[in-house]
Each structure stands twice: as C-alpha cells, then as structure tokens.
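So the structure is just underneath, and the comments pick up after that.
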Amino acid sequence: MAMKIAILTGAGVSAESGLGTFRDKDGLWTKYDLNEVATPEGFARNPSLVHEFYNARRRNALEASHNAAHTALAALQQSGRHDVTLITQNVDDLHERAGARGVIHMHGELMRALCAACGHRWDAPEAMHPQDPCPACTAARTRPDIVWFGEIPYHMDRLAGAVETADLFVAIGTSAEVYPAAGLVEIARGETLEINLAPSARANAFDTHRYGPASEVVPAWVA
Ligand SMILES: CC(C)NC(=O)[C@H](Cc1c[nH]c2ccccc12)NC(=O)[C@H](CCCC/N=C(/NCCC(=O)O)S[C@H]1O[C@H](COP(=O)(O)OP(=O)(O)OC[C@H]2O[C@@H](n3cnc4c(N)ncnc43)[C@H](O)[C@@H]2O)[C@@H](O)[C@H]1O)NC(=O)OCc1ccccc1
C-alpha cells in the first residue's frame with residue numbers, strides 16, 4: 001500500500017562517508033566554537049575564519065562519496081512505490097550524488113553561495129573569500145548559503161506540512177539536539193521511527209526504533 005513518507009536526516013547518515021558529525025566524541029563542535037563559525041555574529045566579527053571553516057568542509061565533501069544509506073534512500077524515493085519527502089539538516093550534497101531529487105536542505109548547502117546584500121544565490125566556487133563580489137549586485141558581502149544558529153531554517157512551511165501529513169515520519173542519524181528540526185517528531189500525526197547509532201535526545205518521542213550504523217540499518221529498512 002503506497003504511503004506518504006517524510007524522512008529527516010542528520011550528520012549520522014554522512015558519518016560513514018568520512019564527514020564528521022557535530023556532537024560525537026571527535027565531532028566538529030569539539031574542534032571549533034560554533035559561536036565563532038556558525039552564527040551571523042561570528043561571521044560579522046571574522047568572515048575569513050568562517051569562510052576557511054566552510055571551505056575546508058566543502059573540500060571534504062567534494063572528496064567524499066555517498067554511502068549505502070544515501071543510496072537506499074534515493075532508491076526508495078525514485079522507486080515511486082511511496083510518496084517520499086527527503087528533508088536533511090546536512091549541508092553536504094551526498095543525497096543528491098546518490099540520486100535523490102528535490103531534497104529539502106533546511107540548514108542550507110555547502111555548494112551554494114549567498115549575497116548578504118541582495119539575497120542572490122549561485123553555485124559556490126571550491127574556496128570562497130569575504131571580498132568575492134556578488135555576480136548580481138557586485139557587493140562584497142558573500143557568505144556560504146548556510147543557516148546559522150539564531151537564523152530561521154529554510155522551507156519550514158513546506159517541510160512541516162510534509163511531516164504533519166505523512167503516514168510515516170522517519171528520523172535518521174540525528175542527535176535531536178538542534179531545534180526546530182528536533183521538534184518535528186512532535187508535529188508528526190502518523191507513525192514515527194528513529195534510525196540511529198544510539199538513542200537520540202528525543203528517542204522517547206518515537207513509536208519504533210532501529211539502532212546501528214546507517215549504512216547497514218537503512219538498506220535493511222528500505223528492503
Ligand atoms: C544547540 C541547540 C540547543 N540550539 C538550537 O537548537 C538553536 C536555538 C534554539 C531554537 N529553538 C530552541 C529550543 C530549545 C533550545 C534551543 C533552541 N536553534 C537555532 O538557532 C535554529 C537554527 C539551527 C540551525 C543551525 N545550523 C546548523 N547547521 C548548519 C551549519 C553547519 O552545518 O555548519 S545545525 C547543525 O547541527 C545539527 C547537528 O545535529 P545532527 O545532524 O543530529 O548531528 P550530531 O552530531 O548532533 O548527531 C549525529 C547523530 O548521528 C549518530 N551517528 C553517528 N554515526 C552514525 C552512523 N554511522 N550511523 C547512524 N547514526 C550515526 C550519532 O549517534 C548522533 O546521534 C544539525 O542540524 C546541523 O545542521 N534557528 C532557530 O531556532 O530560529 C528561530 C526559529 C524557531 C522556530 C521556527 C523557526 C525559527
């Protein structure tokens with residue numbers, strides 16, 4: 001029976017592709033101060049530092065390959081067996097490189113640039129610099145097209161609608177520590193499933209759970 005499925009992924013789905021998570025023992029936020037590199041205030045104080053941080057993550061993402069979890073989710077979406085909405089907190093493009101389409105990047109994309117003056121967006125060069133001019137208004141206010149802490153996530157209405165009306169909401173590879181993403185399980189009216197390496201901070205809010213590495217558990221769940 002075809003179902004409406006809304007899937008939310010986090011850093012755990014890209015961990016086995018070599019892209020570090022944020023809060024695990026050697027996670028990004030143990031090496032960098034998120035207030036320095038992932039807030040509008042940090043960018044205003046030191047745009048070069050922030051660009052260096054995202055230039056390094058962009059290089060890592062370009063060198064990485066998608067894994068079996070990305071492949072299984074793209075296959076599920078592209079099979080047409082169910083109506084699948086793929087929402088991600090991840091700023092990498094590994095879902096797309098695995099064949100997924102119309103992925104909702106609620107926290108932005110590493111491969112995109114944004115002009116803080118006119119709002120124009122374009123494909124990011126591998127390395128970005130504060131003085132890079134905007135192709136539309138020539139202002140030198142270029143930032144990574146990323147949603148930082150304190151900023152409103154992208155596509156909130158669309159993704160909230162998909163989660164609310166889904167027969168099944170699945171959260172994969174997320175610690176459920178960052179809001180409003182971590183609160184989406186609260187608005188899900190259908191069945192809810194958590195797939196993760198270990199119970200997340202909102203594990204109790206889910207009906208069912210499957211624990212283990214995403215590259216093993218996700219293909220098994222999709223099959
Ligand atoms: C720290 C936290 C307490 N702070 C927040 O939540 C803040 C403030 C806040 C708002 N509401 C609240 C309510 C309560 C408390 C605080 C708040 N939220 C905001 O500022 C948000 C903006 C947040 C977005 C910030 N930007 C990111 N990313 C882009 C940058 C970048 O990437 O550099 S957040 C960033 O961190 C989050 C990290 O979480 P995860 O992806 O889950 O990664 P994590 O490392 O934590 O966990 C990995 C998991 O994977 C598992 N795992 C590891 N390996 C594997 C494996 N192999 N297989 C399977 N699982 C695995 C691990 O066990 C673990 O569970 C992601 O969202 C990621 O995108 N904006 C906002 O609220 O605006 C107003 C508003 C309110 C309502 C409606 C509209 C607007």
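One-based numbering, in listed order, for ligands and for the atoms of each. Please read all numbers here as calculations on a predicted model, not as lab measurements.
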Would you mind running through ligand 1 and noting each atom that sits below 4.0 Å from a heavy atom of [X]?
X	value
Pro213	58 (N)
Glu16	56 (C), 57 (N), 58 (N)
Tyr54	30 (C), 31 (C), 33 (O)
Ala15	54 (N)

Would you indicate whether Asn204, at its atom CG, is surrounded by more than 12 heavy atoms from other residues, nucleotides or ligands within a distance under 6.0 Å?
no

Using distance alone, decide if ligand 1 has a nitrogen or oxygen within less than 3.5 Å of any nitrogen or oxygen in [X].
X	value
Trp29	no
Ala214	yes
Ala11	yes
Phe149	no
Asn90	no
Trp148	no
Phe53	no
Phe22	yes
Val178	no

Quick one: which of Thr174, Leu8, Val218 has a heavy atom closest to atom 40 (P) of ligand 1?
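It is Thr174 that holds the nearest heavy atom.
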
Which of these, His107, Glu216, Met106, has its nearest heavy atom closest to atom 24 (C) of ligand 1?
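It is His107 whose heavy atom sits nearest to atom 24 (C) of ligand 1.
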
Which of these passes side-chain hydrogen bond (donor to acceptor under 3.5 Å, both in side chains) with Ser200: His209, Glu194, Glu177?
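Option passing the side-chain hydrogen bond (donor to acceptor under 3.5 Å, both in side chains) with Ser200: Glu194.
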
Which protein heavy atom lies closest to [atom], and at what distance to 0.1 Å?
atom	result
atom 56 (C) of ligand 1	Gly12 O, 3.4 Å
atom 32 (O) of ligand 1	Arg57 NH2, 3.2 Å
atom 62 (C) of ligand 1	Asp24 OD1, 3.6 Å
atom 2 (C) of ligand 1	Glu177 O, 3.5 Å
atom 21 (C) of ligand 1	Tyr179 O, 3.2 Å

Does only the side chain of [X] get under 4.0 Å from ligand 1, or the backbone, or both, or neither? Count heavy atoms.
X	result
Gln89	both
Ser215	neither
Thr21	both
Glu151	backbone

Kindly say whether the aromatic ring centers of His51 and His129 come within a distance under 6.0 Å.
no

Less than 4.5 Å apart, any side-chain heavy atom of Thr142 and any of Met128?
yes

Hey, what's the ring geometry for [X] with [Y], parallel, tilted or perpendicular (30° and 60° as the breaks)?
X	Y	answer
Trp148	Phe43	tilted
Trp122	His120	parallel
His70	His66	perpendicular

Backbone N/O of Ala11 and side chain of Ser14: donor-acceptor pair under 3.5 Å
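No; judged by distance alone, with no hydrogens or angles, the pair does not exist.
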
Donor-acceptor contact below 3.5 Å, side chain Glu191 vs main chain Leu168:
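Side chain of Glu191 to backbone of Leu168, a donor-acceptor pair under 3.5 Å: no, none is there.
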
